[in-house]
Amino acid sequence: MLSSPAFGKADLTNCERELIQFAGSVQPHGILLALREPQLEIIQLSANARALLGRDAPSLLGNSLQLLGGNISAAVSLIAASTELAEPAPLVCHCTVRGEAVEFEGTVHRVAGRALIVEIEPIAGDPASAGIETVSLPSTKLVEHMNQSIQRFSDASTIGTLCDAVARRFRDMVGYDRVMVYKFDPDGHGKIISEARNPRLDSLLGQHYPATDIPQRARELYLRNRLRVLVDVNYEACALEP
């Protein structure tokens with residue numbers, strides 16, 4: 001029987017079997033808390049609790065979310081009571097960190113029969129100070145952009161036209177150098193069927209990639225969690241405890 005390599009231990013010969021769905025860690029710019037309902041008892045959290053919440057993980061484990069102060073417990077309770085949370089719901093709250101109120105944003109979702117998952121990160125005053133380049137649209141402009149985008153998507157008569165519109169409108173909104181639409185073939189390989197890019201970049205439109213480019217387990221994760229953000233590609237992961 002072929003064994004599955006642990007997360008981070010795979011190579012090109014066995015990446016298809018890597019246990020990426022059990023990474024057991026998070027990126028350090030945010031914190032993950034697993035809660036037992038209905039008392040919102042913290043049963044697992046990432047090891048960066050001291051850095052982001054001002055408390056060591058052992059002091060939080062087994063305690064109520066109320067221990068974090070602020071309105072996080074009330075905000076999470078309200079969300080948990082209002083929906084099944086099969087999909088992540090947005091959360092904005094504040095906690096008391098070293099005696100001061102700190103605002104956080106993130107999401108809440110439920111793993112049926114197991115835990116309520118809260119993922120939050122501090123709201124930075126200036127994204128550029130964290131080394132993150134962003135394109136910021138005023139709220140009125142953002143609403144106008146979204147309305148125009150939805151209209152273009154609705155007017156698309158073919159999948160190709162729709163993909164082109166999605167790539168262009170998304171790049172206009174976030175300012176990335178390149179936005180691509182990647183199509184998975186039932187046989188496993190993939191193809192870039194649309195792109196919007198900075199003219200200084202070479203085009204990747206029409207490029208084909210083997211099934212090993214994005215292994216099957218990674219594809220399954222994309223279906224379960226459609227949004228993935230890397231704040232720093234050189235980050236050191238924070239393990240979950242326990």
Side-chain angles (χ1 to χ4, degrees), residues 5-10 15 18-36 40-73 75-76 79 85 88-111 114-136 174-177 214-215 217-218 221-222 224-242:
F7 179 74
K9 302 299 183 181
C15 64
E18 184 179 13
L19 300 177
I20 59 176
Q21 71 271 42
F22 301 121
S25 61
V26 299
Q27 297 178 64
H29 68 281
I31 188 165
L32 182 148
L33 303 106
L35 310 175
R36 178 180 288 120
L40 301 186
E41 174 192 351
I42 301 172
I43 58 176
Q44 190 178 37
L45 74 164
S46 49
N48 54 347
R50 164 65 64 178
L52 296 186
L53 298 175
R55 296 174 179 268
D56 292 326
S59 70
L60 294 172
L61 286 170
N63 287 299
S64 168
L65 194 62
Q66 290 181 339
L67 191 63
L68 297 181
N71 70 341
I72 183 172
S73 182
V76 171
I79 294 173
L85 293 175
L91 168 68
V92 177
C93 62
H94 61 270
C95 303
T96 303
V97 181
R98 301 180 181 90
E100 297 185 3
V102 176
E103 193 170 12
F104 290 82
E105 64 180 355
T107 62
V108 181
H109 76 275
R110 180 177 286 116
V111 181
R114 299 184 66 183
L116 192 69
I117 306 298
V118 176
E119 297 177 89
I120 54 174
E121 60 186 76
I123 297 178
D126 179 10
S129 65
I132 306 168
E133 295 183 3
T134 62
V135 173
S136 178
V174 301
Y176 288 175
D177 279 350
I214 302 180
R217 281 177 172 163
L221 288 182
Y222 282 131
R224 291 167 54 186
N225 184 6
R226 293 187 291 272
L227 180 64
R228 182 170 184 248
V229 177
L230 288 177
V231 171
D232 180 1
V233 296
N234 298 312
Y235 74 91
E236 294 186 13
C238 288
L240 300 182
E241 298 184 4

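If you're wondering where the values come from, they're calculated on a predicted model, not measured in any experiment. When a residue number appears, it is its place in the shown sequence, counting from 1. All heavy atoms count here, side chains included; hydrogens, waters and symmetry mates do not.
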task: State, to 0.1 Å, how close E121 and G30 come at their nearest heavy-atom pair, and which atoms those are.
output: CB-CA, 3.9 Å
query: Between atom CG of L32 and atom CD1 of I120, what is the distance when rounded to the nearest 0.5 Å?
result: 9.5 Å
- request: Check whether any side-chain N or O of N71 sits under 3.5 Å from a backbone N or O of C93 as a donor-acceptor pair, and report yes or no.
  value: no
Gap separating the CG atom of L240 from the CG atom of L33, nearest 0.5 angstrom: 10.0 Å
statement: Closest heavy-atom pair, E241 versus A47, reported as atoms and distance to 0.1 Å, is OE2-CB, 3.4 Å
query: Going through the checks in order, is the side chain to side chain contact (heavy atoms under 4.5 Å, CB included) test met by L68 and F104?
result: CA-CA 12 Å; L68 297 181; F104 290 82; over 6 Å; no
message: Taking side-chain hydrogen bond (donor to acceptor under 3.5 Å, both in side chains) as the cut-off, I'd like each qualifying pair that reaches into residues 48-67, sequence neighbours left out, listed once.
response: S46-N48, R50-D56
message: Heavy-atom count check: over 12 atoms from other residues, nucleotides or ligands less than 6.0 Å from R98 CZ?
response: yes
task: State the CD1-OG1 distance between I79 and T107, to the nearest 0.5 angstrom.
output: 9.0 Å
query: What distance do C238 atom SG and L45 atom CG have between them, rounded to the nearest 0.5 Å?
result: 10.5 Å
Min side-chain heavy-atom separation P242-Q44 under 4.5 Å: yes
field: Interatomic spacing from CD1 in I72 to OG1 in T96 - rounded to 0.5 Å
entry: 10.5 Å
field: Test applied, side-chain contact (heavy atoms from CB on, under 4.5 Å); reference residue, I31; option that passes from L52, V26, V118
entry: L52
- line: In short, L60 meets A49 closest at the heavy-atom pair CD1-CB, 4.1 Å
task: Could I get the full list of side chain to side chain donor-acceptor pair (under 3.5 Å) partners for E41, not counting sequence neighbours?
output: R36
Distance (rounded to the nearest 0.5 Å) between L35 CG and R110 CZ: 10.5 Å
